[in-house]
Amino acid sequence: MWMVHYNYLNNLHVLFMRNVLIAVCHEDCHPSKGYCDWPGECRCRLGWTGDLCKECQPLPGCMHGTCSKPLECKCEKGWQGILCQIPVCSEGCHRDRGYCRKPNECRCKVGWWGKNCTQCFAYPGCVHGTCNRPWECNCKPGWGGMLCDQELKYCETNNVTCQNGATCVSLPEEDGNYRCLCADGYIGRNCEVDKKKVEIVGLVPPKPSLMLLKSTTTTPSTVSEDVLLEGDDEYEEETTKPNSSIVSLVNENESLNETI
């Protein structure tokens, strides 16, 4: 049978159970969440904190959260993440182009602006242009150039003759001022060339090597310079000269290419 009695020594409450000395904790220390090694103290078990071990301990590292049970991290309003370390940006803030450092704000990344960071910055100096992505300068109709500062009226202010039903389109100066959009079957700067009249003439193949012609009778080592020159003249005389009609077609094709 257990023999229990109390002894008060120096105002410390000590419980004697046979030969075992057991410290009595602080009178308000939580019976299951706290413990003690010495009389009158209150040490908390894992997951609990406070003088009397009645408060839960949040998950280590929890920044903007609370707990209702040990090692929990319940985020306060405006925060998210495992440790409640990520702020919730303002409603509508673009998830890729915007960010925030505190709840309910929306900061734009480089190249974007606007309440929700949905508008891009055009290329610096862009006059009559817009952008779909940062630093673009997409010219509005009637404008051209790198900065969209050149008004495209060359076709209207100059006597440009686009032939055969072609349409004249004004271009920036660096692109040639204008371009004729040709109808089917026509080509050229001003669409003045009819494709049907353009004939492709093949080139005359190069003449065979003189050495190959002489190989059946004379070796290269025995052919003198005079013989080579004489043989070359004979080959040129024997070679069939181009037909005059072919020459005429070649000349006509060359003139068409120069026009194009």
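We count residues from 1, following the sequence as given.
- For the pair E156 and S170, the minimum side-chain heavy-atom distance is below 4.5 Å.
- The structure places SG of C180 at 13.0 Å from CD1 of I187, a figure rounded to the nearest 0.5 Å.
- Atom CG of residue L181 and atom SG of residue C162 lie 8.0 Å apart, to the nearest 0.5 angstrom.
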Could you list the donor-acceptor pairs under 3.5 angstrom formed by side chains in residues 84-97, with sequence neighbours left out?
unit_1 : atom_1 : unit_2 : atom_2 : d
Q85    : OE1    : L83    : N      : 3.1
H94    : ND1    : D96    : N      : 3.1
H94    : ND1    : R97    : N      : 3.1

Donor-acceptor pairs are to be reported for all side-chain atoms of residues 125-132 against protein atoms at under 3.5 Å, with residues two or more places apart or in another chain.
none

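- Residues passing the salt bridge (Lys or Arg N to Asp or Glu O under 4.0 Å) test with E151, sequence neighbours excluded: K153.
- Residues passing the side-chain hydrogen bond (donor to acceptor under 3.5 Å, both in side chains) test with R45: none are found, sequence neighbours excluded.
- Across all their heavy atoms, G114 and Q119 have their closest contact at CA-OE1, 3.9 Å.
- For E41, there are no side-chain hydrogen bond (donor to acceptor under 3.5 Å, both in side chains) partners two or more places apart in sequence or in a different chain.
- Contacts classified as salt bridge (Lys or Arg N to Asp or Glu O under 4.0 Å) and involving residues 173-186 (residues at least two apart or in different chains) are not found.
- For E136, the salt bridge (Lys or Arg N to Asp or Glu O under 4.0 Å) criterion is met by R133, not counting sequence neighbours.
- Considering only residues two or more places apart in sequence or on other chains, D194 meets the side-chain contact (heavy atoms from CB on, under 4.5 Å) condition with Y186, K196, K197.
- Here the CH2-CZ distance, from W113 to F121, works out to 7.0 Å after rounding to the nearest 0.5 Å.
- The line from SG of C137 to CG of L147 is 6.0 Å long, rounded to the nearest 0.5 Å.
- Within the model, atoms SG of C120 and CH2 of W112 stand 5.0 Å from one another, a figure rounded to the nearest 0.5 Å.
- For D51, the CG atom is loosely surrounded, since the number of other residues' heavy atoms within 6.0 Å does not exceed 12.
- Contacts classified as ring pair (Phe, Tyr, Trp, His ring centres under 6.0 Å) and involving residues 162-181 (residues at least two apart or in different chains) are given here: Y154-Y178.
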With a cut-off of 3.5 Å and sequence neighbours excluded, list every side-chain donor-acceptor pair involving residues 52-70.
unit_1 : atom_1 : unit_2 : atom_2 : d
S68    : OG     : E72    : OE1    : 2.9

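- Taking each heavy atom of C191 and A166 in turn, the nearest pair found is SG-CB, 3.5 Å.
- Through direct or indirect side-chain contacts shorter than 4.5 Å among Ile, Leu, Val, Met, Phe, Trp and Tyr, L46 is connected to no other residue.
- At a threshold of 4.5 Å between non-hydrogen side-chain atoms, the residues W135 and V110 count as touching.
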Under 3.5 Å, side-chain donor or acceptor atoms of residues 31-38 against the rest of the protein: list the pairs with distances, not counting sequence neighbours.
unit_1 : atom_1 : unit_2 : atom_2 : d
S32    : OG     : H30    : ND1    : 3.2
D37    : OD2    : R43    : NH1    : 2.5

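- Heavy atoms only, all atoms of each residue included: C182 and G188 are closest at SG-O, 4.0 Å.
- Heavy-atom contacts from other residues, nucleotides or ligands closer than 6.0 Å to CD1 of I82 number 12 or fewer.
- Taking all atoms of both residues into account, the shortest heavy-atom contact from P172 to L152 is N-CD2, 3.6 Å.
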